S.K.: 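Next up is a structure, given as structure tokens.
Bear in mind the structure is a predicted one, so any value in this text is a computation, not a measurement. Every chain is numbered from 1 and lettered A, B, ... according to where its sequence line falls, protein lines coming before strand lines.
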Amino acid sequence: MSYDHQKIEAKWQERWANQRVFNVTEDPSKPKFYNLCMYPYPSGALHQGHIRNYTFGDLLTRYKTMRGFNVLSPMGWDSFGLPAENAAIDSGLDPRENTEAQIVTMTRQIKQLGAMYDWDRELASHHPDYYRWDQWLFLQLWDRDLAYKKEAPVNWCPKDQTVLANEQVVDGACERCGTIVERKNLAQWFFRITDYADRLLDDLDQLDEWPDRVRTMQRNWIGRSEGARFTIKVAVSNLSFEVFTTRPDTIFGMTFCVLAPEHPLVDSLISGTDHEDEARAYVAQAARASEIERMAEGEKSGVFTGAYAVNPINGRQVPIYIADYVLMGYGTAAIMGVPGQDQRDWDFATRYGIEIIRTVQPLASWEGEAYLGEGETINSGFLDDLDQTGAKQRIIDWLEEQGIGERTVQYRLRDWLISRQRYWGSPIPMIGCPSCGLVPVPLDQLPVLLPDVEDYAPRGQSPLASAEEWVHTTCPACGGEARRETDTMDTFVDSSWYFLRFTDPHNDHAAFEPGNARYWMAVDQYIGGVEHAILHLLYARFITKFLSDIGLSPVTEPFSRLFTQGMITLGGAKMSKSKGNVVDPLELFASHGADSLRLYHLFMGPPTDDAAWDTNGVEGTSRFLDRVWRVVTETERFDGDPDRDLVAQAHRTAKKVTEDIERFVFNTAIPPLMTLTTSLLETARKGTDRETFDQVVEILIKLLAPMAPHIAHELWERTGHDSMLALEPWPVWEADLVTQATVVMVVQVNGKVRERIEVAADISPEEAERVALGLEKVQGWIDGAEIHRVIARPPNVINFVVG
RNA sequence: GUCGGAGUGGCGGAAUUGGUAGACGCGCCAGGUUGAGGGCCUGGUGGAGCAUGGCUCUGUGGGGGUUCGAGUCCCCCCUCCGACACCA
């Protein structure tokens with residue numbers, strides 16, 4: 001018989017909400033715990049990934065509450081973004097109405113899961129009272145020269161006539177229409193995150209409760225390289241350019257130079273020369289080609305400019321090429337070509353017949369490719385015989401003495417491109433004035449409201465541009481006619497500070513009150529998908545550091561502990577609507593109940609790992625809950641004796657479950673609860689006394705409360721308690737009961753298990769040896785041979801080495 | 001290519017410090033309950049062999065090594081997944 005989960009789940013969801021069990025205020029008398037699941041995009045329907053995320057989060061909220069913490073667990077909506085806009089374009093749905101309807105639906109579904117949040121703090125980034133503070137944040141950055149506008153190459157879809165974010169470009173093509181993406185120069189807004197590169201990198205060391213792989217990914221993304229930057233003169237001209245290198249020690253091996261096709265010097269180098277036509281054709285082709293095409297070509301391509309560069313170290317003249325393997329966005333967009341010590345330069349030199357000079361003596365014979373290893377410097381004048389470290393030091397000193405170069409640090413990280421030629425986002429609060437230039441919207445005029453438009457389809461510029469009345473405004477500086485910025489902000493701006501807003505969500509005169517933030521920050525546990533390991537987490541760290549610098553954030557790192565969950569797969573692929581392999585949580589709420597589904601998500605495997613879906617597994621956890629139900633509702637006999645073993649088992653279970661939750665591993669916390677339930681059912685048949693039984697049942701219900709809260713609360717009530725289980729203290733265990741008196745010891749002969757024997761847990765090595773040697777089977781295996789060694793590790797194992 | 005992560009029964013997985021490999025669940029098999037089915041209960045379930053109420057061998061992607069003892073530690077290789085992807 002199975003219990004009526006629909007009825008009891010609805011009952012308790014209503015009670016928790018009515019009694020405001022999970023609504024919190026700042027309370028200095030209690031330790032605080034800020035527990036946060038990454039706020040979702042309101043897609044309109046929960047999928048299993050959400051269920052998994054909120055099940056983990058809710059388990060922690062409930063567990064920490066029972067442990068006596070003041071737990072803040074808020075929920076909100078990352079409600080700006082492309083899907084709502086695409087729905088508007090494709091189906092004519094109003095983005096605002098559509099988004100808000102989806103929020104209503106998803107809120108209902110989250111409540112059906114029994115996941116509890118402080119809904120008084122709910123926020124949605126598309127609300128003017130939220131995005132007003134995005135705009136405020138933008139202006140704070142602008143005031144400190146950390147927001148700027150400049151021309152930059154962007155991904156451009158020629159069919160959709162729009163700019164695409166990097167993540168919308170899949171294999172070099174537009175994610176929506178499949179057209180090959182072009183690169184195009186457009187004036188864009190940036191945040192100067194590179195100013196924070198060092199701090200973002202260095203502070204990763206503090207985040208020792210983040211997964212290593214996430215820290216590694218961030219480290220690689222920031223990509224710090226130490227090296228030198230120096231000036232190279234162009235022969236027979238007064239032109240020069242700068243190069244960056246991590247291997248200044250190889251400067252004597254420079255046999256050519258390369259400029260990126262977009263390098264500003266290219267034009268003056270080739271104008272009016274014999275090489276002009278060929279070079280211009282190459283530059284044009286590089287501009288047209290997508291990244292994918294550039295790479296797919298396999299071999300490195302380039303073209304000679306006709307000009308020569310002068311190596312400052314020895315005056316030697318080397319040819320200057322243009323090649324697209326040198327990137328405009330990194331370093332100085334120009335390099336010294338040292339084929340002997342760089343594989344890319346080697347490939348290029350080999351193709352174009354350029355001389356190769358080795359400047360490092362390989363440790364072993366080495367041919368056919370560049371040598372990147374250690375070795376003595378050779379063919380390098382005054383650097384000869386030095387090792388790499390010494391040679392680098394020496395040459396940088398020399399460059400600095402000559403006043404042509406310096407030691408420098410280069411990052412792979414680029415500034416954050418935040419403007420989008422899109423409708424459904426926070427308008428950038430700037431005004432373009434013909435006489436004053438770029439002028440910020442005064443703070444007292446925020447928010448700049450998103451205007452209504454007729455047509456959301458991209459036409460090569462932001463849809464906001466079509467709202468003529470809105471665009472036309474007056475310049476705050478001179479009062480003349482001016483035009484508003486029509487780009488909106490990347491939604492990653494919204495999510496880069498929402499966790500601070502949750503500490504003071506209704507503030508209408510500031511983004512948040514520093515006092516509230518001081519109580520709640522940092523987020524003690526942040527839970528979400530690993531797909532946000534780089535961008536969101538990096539941006540959030542950046543903005544938090546910035547807000548700390550201007551005295552508003554109490555912390556320099558927003559998330560103390562990060563947990564990234566694995567994804568759900570079915571048939572070997574990630575569960576997704578487009579692949580058609582989704583299992584709808586709503587159907588499972590109806591058929592098995594939220595508790596069974598939650599328990600299955602906890603049980604199916606390590607929370608960090610990807611997990612393969614199996615609906616039969618929900619059947620299994622559902623059966624388990626039926627058994628728990630029967631323990632309480634069908635036990636009638638209480639005519640036996642107190643059962644100390646059962647109590648001991650309950651205490652061991654409490655210890656194990658607590659330890660597993662603390663280390664964030666849930667799949668191993670459930671088996672002991674299952675076996676405890678089986679023991680209770682056996683005991684119920686056998687008979688015990690009422691006191692023992694009630695005591696053990698109480699522990700079981702409490703341990704189950706964070707995992708399967710509805711059934712746990714119902715059984716708590718049915719076992720005669722008036723209190724709210726969610727606010728009851730977590731079970732404690734007695735150390736004496738947890739330690740077992742006897743254990744099974746393994747007896748090995750020559751490392752092979754030959755016998756098992758039950759012994760006292762505190763047996764001495766001598767006693768263990770005596771007992772083991774007394775065993776008939778062990779004697780049979782020793783078979784009269786000499787015992788060379790006895791390794792006794794009581795009470796687990798004893799091993800006789802014979803032979 | 002570089003950097004991460006992972007390979008254990010038919011399946012999901014367990015084994016936290018080197019010490020009983022396969023906990024727990026699913027699936028499957030047998031028996032019980034039932035008019036039948038479902039449900040529930042009990043037992044079994046890595047592989048091979050045999051003198052089959054038990055015993056022996058073998059077994060954690062492959063190959064070597066360290067150790068009394070290796071899923072766990074070291075070296076080499078293979079496969080899969082993820083991130084970055086010409087970063088000078």
S.K.: Closest approach to the side chain of A/Ile534, judged atom by atom: which nucleotide of B/rA83, B/rA88, B/rU20 is it?
M.R.: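 For A/Ile534, the side-chain atoms sit closest to B/rA83.
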S.K.: Which letter, B, S or -, goes with each nucleotide of nucleotides 7-17 of chain B from 5' to 3', with contact meaning a protein heavy atom under 4.0 Å?
M.R.: -----BSSSB-
S.K.: Any base atoms under 4.0 Å from A/Arg213, or only sugar-phosphate, or nothing? Heavy atoms, all strands.
M.R.: sugar-phosphate
S.K.: C1' atom, B/rG47 versus B/rU8: distance in rounded Å?
M.R.: 14 Å
S.K.: With sequence neighbours excluded, what pairs up with A/Val583 under the side-chain contact (heavy atoms from CB on, under 4.5 Å) test?
M.R.: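 Partners of A/Val583 under the side-chain contact (heavy atoms from CB on, under 4.5 Å) test: A/Gln48, A/Leu570, A/Met575, A/Leu588, A/Trp613, A/Thr615.
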S.K.: Counting only side-chain heavy atoms from C-beta out, which of B/rA21, B/rG19, B/rC24 sits nearest to A/Met674?
M.R.: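 The closest nucleotide is B/rC24.
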S.K.: What is the distance, to the nearest angstrom, from the NZ atom on A/Lys777 to the C1' atom on B/rU20?
M.R.: 13 Å
S.K.: Of all residues at least two apart in sequence or in a different chain, which pass the ring-ring contact (aromatic ring centres under 6.0 Å, His included) check with A/Phe256?
M.R.: A/Phe348
S.K.: What residues form a side-chain contact (heavy atoms from CB on, under 4.5 Å) with A/Arg224, not counting sequence neighbours?
M.R.: A/Asp198, A/Leu201, A/Glu226, A/Val409, A/Tyr411
S.K.: Which stems, defined as runs of 3 or more consecutive Watson-Crick or G-U wobble pairs with both pairing distances under 3.5 Å, involve RNA chain B?
M.R.: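 Stem list for RNA chain B: B:1-7 with B:78-84, B:10-12 with B:24-26, B:27-33 with B:39-45, B:46-50 with B:54-58, B:61-65 with B:73-77.
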S.K.: Between B/rG19 and B/rA70, how far apart are the C1' atoms? Round to whole Å, please.
M.R.: 10 Å
S.K.: Send over the distance from A/Asp324 CG to B/rC86 C1', rounded to a whole Å.
M.R.: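 Distance, rounded to whole Å: 9 Å.
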S.K.: Side chain of A/Thr675 only, heavy atoms from C-beta on: which candidate in B/rC24, B/rC26, B/rC3 is closest?
M.R.: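 The closest nucleotide is B/rC24.
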S.K.: Sticking with atom P, work out how far B/rG32 lies from B/rA14, rounded to a whole angstrom.
M.R.: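 Straight-line distance between the two P atoms is 37 Å.
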S.K.: Anything under 30° is parallel, anything over 60° is perpendicular, the rest tilted; go ahead and classify A/Tyr321 against A/Tyr352.
M.R.: tilted
S.K.: Between the protein and nucleotides 67-73 of chain B, list every N/O to N/O distance that falls short of 3.5 Å.
M.R.:
{"residue": "B/rC68", "atom": "OP1", "partner": "A/Arg789", "partner atom": "NH1", "Å": "2.7"}
{"residue": "B/rC68", "atom": "O2'", "partner": "A/Asn799", "partner atom": "ND2", "Å": "3.1"}
{"residue": "B/rC68", "atom": "O2", "partner": "A/Asn799", "partner atom": "ND2", "Å": "2.6"}

S.K.: Taking only the C1' atom of each, what is the distance from B/rA23 to B/rC77 in whole angstrom?
M.R.: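 33 Å, rounded to whole Å.
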S.K.: Ignoring hydrogens and angles, tell me if any N or O in the side chain of A/Thr332 forms a donor-acceptor pair with the backbone of A/Glu242 under 3.5 Å.
M.R.: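 At least one qualifying donor-acceptor pair exists.
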S.K.: Decide, for B/rG12, between syn and anti: a glycosidic angle within 90° of 0 counts as syn, anything else as anti.
M.R.: anti
S.K.: Using a cut-off of less than 4.0 Å, is there contact between a side-chain N or O of A/Arg627 and OP1 or OP2 of B/rC41?
M.R.: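 So the side chain of A/Arg627 is within the cut-off, an N or O lying under 4.0 Å from OP1 or OP2 of B/rC41.
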S.K.: Looking only at atom C1', what distance separates B/rC76 and B/rC68, rounded to whole Å?
M.R.: 26 Å
S.K.: Got a sec, which residues hit side-chain contact (heavy atoms from CB on, under 4.5 Å) with A/Glu369, two or more places apart in sequence or on another chain?
M.R.: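 With sequence neighbours excluded, A/Glu369 shows a side-chain contact (heavy atoms from CB on, under 4.5 Å) to A/Gln343, A/Trp366, given in chain and number order.
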S.K.: What's the gap between B/rU17 and B/rG65 when it is taken at their C1' atoms, as a whole Å value?
M.R.: 23 Å
S.K.: List for me each residue that meets side-chain contact (heavy atoms from CB on, under 4.5 Å) alongside A/Asn667, sequence neighbours excluded, and say none if there are none.
M.R.: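 Here the qualifying residues are A/Pro606, A/Pro607, A/Val665.
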S.K.: What's the gap between B/rG43 and B/rC24 when it is taken at their P atoms, as a whole Å value?
M.R.: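 Approximately 11 Å lies between the P atom of B/rG43 and that of B/rC24.
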S.K.: Hey, which of these two, A/Thr216 or A/Asn616, hits RNA chain B nearer its 5' end, going by closest nucleotide?
M.R.: A/Thr216
S.K.: Verify whether the ring centers belonging to A/Trp416 and A/Tyr539 lie closer than 6.0 Å.
M.R.: yes
S.K.: Using only side-chain N and O atoms of A/Arg754, determine if any of them is under 4.0 Å from OP1 or OP2 of B/rC57.
M.R.: yes
S.K.: Taking atom P of B/rA85 as reference, at what distance in whole Å does atom CG of A/Leu413 sit?
M.R.: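 It is 12 Å, rounded to the nearest whole Å.
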S.K.: Below the 4.0 Å mark, does B/rA21 have OP1 or OP2 next to a side-chain nitrogen or oxygen of A/Lys752?
M.R.: no
S.K.: Can you tell me if the side-chain N/O atoms of A/Arg412 get under 4.0 Å from OP1 or OP2 in B/rA88?
M.R.: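 Checking A/Arg412 against B/rA88: no side-chain N or O falls below 4.0 Å of OP1 or OP2.
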S.K.: Whole-Å distance between B/rC84 P and A/Leu535 CG?
M.R.: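 Taking CG of A/Leu535 and P of B/rC84, I get 8 Å after rounding.
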S.K.: Among the candidates B/rA83, B/rC41, B/rA88, find the nucleotide nearest to the side-chain atoms of A/Thr246.
M.R.: B/rA88
S.K.: Please state whether the phosphate of B/rU42, meaning OP1 or OP2, lies under 4.0 angstrom from any side-chain nitrogen or oxygen of A/Arg685.
M.R.: yes
S.K.: With the side chain of A/Val746 defined as its heavy atoms from C-beta on, choose the nearest nucleotide among B/rG19, B/rC26, B/rU20.
M.R.: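 Looking only at side-chain atoms, A/Val746 lies closest to B/rU20.
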S.K.: Given atom CZ of A/Arg756 and atom P of B/rA21, what is their separation to the nearest angstrom?
M.R.: 6 Å
S.K.: Which of the following nucleotides, B/rG4, B/rG19, B/rC84, is nearest to the side chain of A/Trp221?
M.R.: B/rC84
S.K.: Contact class for A/Gly331 (heavy atom, under 4.0 Å): base, sugar-phosphate, or nothing?
M.R.: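 Answer is nothing: A/Gly331 stays at 4.0 Å or more from every strand.
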S.K.: Donor-acceptor pairs under 3.5 angstrom involving side-chain atoms of residues 792-803 of chain A: please list them, not counting sequence neighbours.
M.R.:
{"residue": "A/Asn799", "atom": "OD1", "partner": "A/Asn750", "partner atom": "N", "Å": "3.4"}
{"residue": "A/Asn799", "atom": "OD1", "partner": "A/Gly751", "partner atom": "N", "Å": "3.1"}

S.K.: Is there any salt bridge (charged side-chain N to carboxylate O under 4.0 Å, His left out) pair reaching into residues 595-622 of chain A, and which pairs are they, with sequence neighbours excluded?
M.R.: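 Checked against salt bridge (charged side-chain N to carboxylate O under 4.0 Å, His left out) - neighbours excluded - the pairs reaching residues 595-622 of chain A are A/Asp58-A/Arg598.
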S.K.: Provide the distance between the two C1' atoms, one in B/rU79 and one in B/rG62, to the nearest whole Å.
M.R.: 10 Å
S.K.: Show me the side-chain donor-acceptor pairs of residues 245-252 of chain A shorter than 3.5 Å, one per line, residues at least two apart or across chains.
M.R.:
{"residue": "A/Thr245", "atom": "OG1", "partner": "A/Arg247", "partner atom": "N", "Å": "2.8"}
{"residue": "A/Arg247", "atom": "NE", "partner": "A/Asp249", "partner atom": "OD1", "Å": "3.2"}
{"residue": "A/Arg247", "atom": "NE", "partner": "A/Asp249", "partner atom": "OD2", "Å": "3.4"}
{"residue": "A/Arg247", "atom": "NH2", "partner": "A/Asp249", "partner atom": "OD2", "Å": "3.1"}
{"residue": "A/Thr250", "atom": "OG1", "partner": "A/Arg247", "partner atom": "O", "Å": "2.8"}

S.K.: Using 30° and 60° as the class boundaries, would you call the ring planes of A/Phe664 and A/Phe56 parallel, tilted or perpendicular?
M.R.: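 Perpendicular, since the angle between the ring planes exceeds 60°.
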S.K.: Could you pick out which residue, A/Glu619 or A/Leu681, lies toward the 5' side of RNA chain B when each is mapped onto its nearest nucleotide?
M.R.: A/Glu619
S.K.: Considering only NZ, NE, NH1 and NH2 on the basic side and carboxylate oxygens on the acidic side, decide whether A/Arg215 and A/Asp212 come within less than 4.0 Å.
M.R.: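 A/Asp212 and A/Arg215: salt-bridged.
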S.K.: Between B/rU20, B/rC24, B/rC57, which one does the side chain of A/Pro671 approach most closely?
M.R.: B/rC24
S.K.: Return the set of residues passing salt bridge (Lys or Arg N to Asp or Glu O under 4.0 Å) with A/Glu531 (not counting sequence neighbours), or none when no residue passes.
M.R.: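 In terms of salt bridge (Lys or Arg N to Asp or Glu O under 4.0 Å), with neighbours along the sequence ignored, A/Glu531 is linked to no residue.
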S.K.: Atom CD of A/Glu531 and atom P of B/rC81: how far apart are they, to the nearest Å?
M.R.: 19 Å
S.K.: OP1, OP2 of B/rC24 versus side-chain N and O of A/Arg623: anything below 4.0 Å?
M.R.: no
S.K.: Just to be sure I understand the rule, does A/Ser225 reach a base, reach only the sugar-phosphate, or reach nothing, if contact means heavy atoms closer than 4.0 Å?
M.R.: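 The answer is sugar-phosphate, as A/Ser225 gets under 4.0 Å only of primed atoms, P, OP1 or OP2.
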S.K.: Using atom types as modelled and distance alone, determine if a side-chain donor or acceptor of A/Lys777 lies under 3.5 Å from a backbone N or O of A/Arg754.
M.R.: yes
